[in-house]
Amino acid sequence: MHHVSLSSGVSFEVSEGLSFLEAAAKSGIHLPYSCKNGRCSTCKCKIISGETKALYSELGLTKSEIDDGWILSCVRTATTDVVLDAKELGKGVLPPVKTQACRISSLEKMAPDVIKIVLRLPTNAKFDFIPGQYIDVIGPGGVRRSYSLANAPNKNNTLEL
């Protein structure tokens, strides 16, 4: 078990084999993330002191970023006590992450490079919405893409992207 301190002053413990992101979440500390597999760089943070090791490849970092001490908190763990320069999202209550089936209700071309997608959730689905949030859409082969929500879910249980 190693101690992790963030530049904001909060700290948590991380056990062997657990990523910084997972350990922070278990301690009620919210760090930014998206893909959770080392590709998107949303969870990028910098090592101030201490030693870490990658649990999986950090495909979302350039060689230059790695050389400068940047890591991805979703795929890295501590091998010593660590201090990280990482964004913290605060102590607010976030809805739990869940995977929800949906259907494409409509597609509308808004501009040559912009498309409006309306997704219809199942009738009994409960979608907790926080303004400014985004969702990950999982496509064929498990490919994930993040999209901002254009509005809160409405009475028809649809989401607009």
Side-chain angles (χ1 to χ4, degrees), residues 1-102 113-115 117 119 121 125-153 159-161:
M1 183 88 62
H2 298 288
H3 187 78
V4 180
S5 298
L6 302 181
S7 50
S8 64
V10 301
S11 61
F12 57 93
E13 301 293 321
V14 62
S15 56
E16 187 173 333
L18 203 61
S19 73
F20 291 119
L21 181 64
E22 293 168 311
K26 279 187 167 190
S27 297
I29 298 166
H30 303 294
L31 301 176
Y33 71 91
S34 182
C35 72
K36 288 182 150 179
N37 63 21
R39 293 179 183 267
C40 74
S41 299
T42 301
C43 66
K44 184 168 76 171
C45 54
K46 195 166 192 173
I47 302 170
I48 304 300
S49 66
E51 299 294 322
T52 68
K53 74 174 179 180
L55 300 168
Y56 304 100
S57 297
E58 293 175 297
L59 301 174
L61 293 176
T62 65
K63 180 171 178 356
S64 172
E65 288 172 323
I66 293 168
D67 292 344
D68 286 342
W70 291 94
I71 63 165
L72 300 179
S73 69
C74 72
V75 295
R76 208 158 255 276
T77 192
T79 56
T80 66
D81 288 351
V82 174
V83 177
L84 296 176
D85 184 9
K87 295 177 191 170
E88 182 192 357
L89 299 177
K91 298 253 184 204
V93 177
L94 298 177
V97 175
K98 63 183 174 183
T99 301
Q100 179 65 61
C102 63
D113 61 347
V114 177
I115 205 165
I117 303 170
L119 301 175
L121 296 166
K126 184 176 186 304
F127 186 87
D128 296 318
F129 175 77
I130 296 175
Q133 97 179 62
Y134 63 92
I135 62 170
D136 284 346
V137 174
I138 305 170
V143 174
R144 289 177 178 258
R145 296 289 183 262
S146 298
Y147 296 93
S148 296
L149 291 170
N151 59 10
L159 302 172
E160 186 178 316
L161 313 174

Exercise for review: Please answer whether the main-chain N or O of Lys44 pairs with a side-chain N or O of Ser41 as donor and acceptor at a distance below 3.5 Å.
Suggested key: no
Determine whether [X] and [Y] make a side-chain contact, defined as any pair of heavy atoms from C-beta on separated by less than 4.5 Å.
X      : Y      : value
His3   : Ser11  : yes
Met1   : Val14  : no
Ser34  : Asp136 : yes
Val82  : Ser49  : no
Leu55  : Phe20  : no
Leu72  : Leu59  : no
Leu161 : Ile135 : yes

Point to revise | Test side chain to side chain contact (heavy atoms under 4.5 Å, CB included) applied to Leu21 and Val75, step by step | key: CA-CA 8 Å; Leu21 181 64; Val75 295; over 6 Å; no
Practice item. Quick one: which residue pairs count as a side chain to side chain donor-acceptor pair (under 3.5 Å) with a foot in residues 72-81, not counting sequence neighbours? Key: Thr52-Arg76, Glu58-Arg76
Tell me whether [X] at atom [atom1] has more than 12 heavy atoms from other residues, nucleotides or ligands lying less than 6.0 Å away.
X      : atom1 : value
Gln100 : CD    : yes
Tyr56  : OH    : no
Lys26  : NZ    : no

Interatomic spacing from [atom1] in [X] to [atom2] in [Y] - rounded to 0.5 Å:
X      : Y      : atom1 : atom2 : value
Ile117 : Tyr147 : CD1   : OH    : 6.0 Å
Ser19  : Asn37  : OG    : CG    : 11.5 Å
Phe12  : Leu6   : CZ    : CG    : 5.0 Å
Cys74  : Tyr33  : SG    : OH    : 10.5 Å
Glu160 : Ser148 : CD    : OG    : 12.0 Å

Exercise for review: Sequence neighbours left out, what passes salt bridge (Lys or Arg N to Asp or Glu O under 4.0 Å) with Asp67? Give chain and number order.
Suggested key: Lys63
Grab the two heavy atoms, one from [X] and one from [Y], that are nearest each other, plus how far apart they are.
X     : Y     : value
Asp85 : Ser7  : OD1-OG, 3.0 Å
Glu65 : Thr62 : OE1-N, 2.9 Å
Leu61 : Trp70 : CD1-O, 3.4 Å
Glu13 : Ser27 : N-OG, 4.4 Å

Review point. Do His30 and Glu88 have side-chain N/O donor and acceptor atoms under 3.5 Å apart?
Key: no
Point to revise | Test log, rule side chain to side chain contact (heavy atoms under 4.5 Å, CB included), inputs Val83 and Val4 | key: CA-CA 6 Å; Val83 177; Val4 180; over 6 Å; no
Exercise for review: Could you walk me through whether Ile71 and Leu84 pass side chain to side chain contact (heavy atoms under 4.5 Å, CB included), step by step?
Suggested key: CA-CA 9 Å; Ile71 63 165; Leu84 296 176; 3.9 Å; yes
Practice item. Could you walk me through whether Leu121 and Leu119 pass the side chain to side chain contact (heavy atoms under 4.5 Å, CB included) test, one step at a time? Key: CA-CA 6 Å; Leu121 296 166; Leu119 301 175; 6.0 Å; no
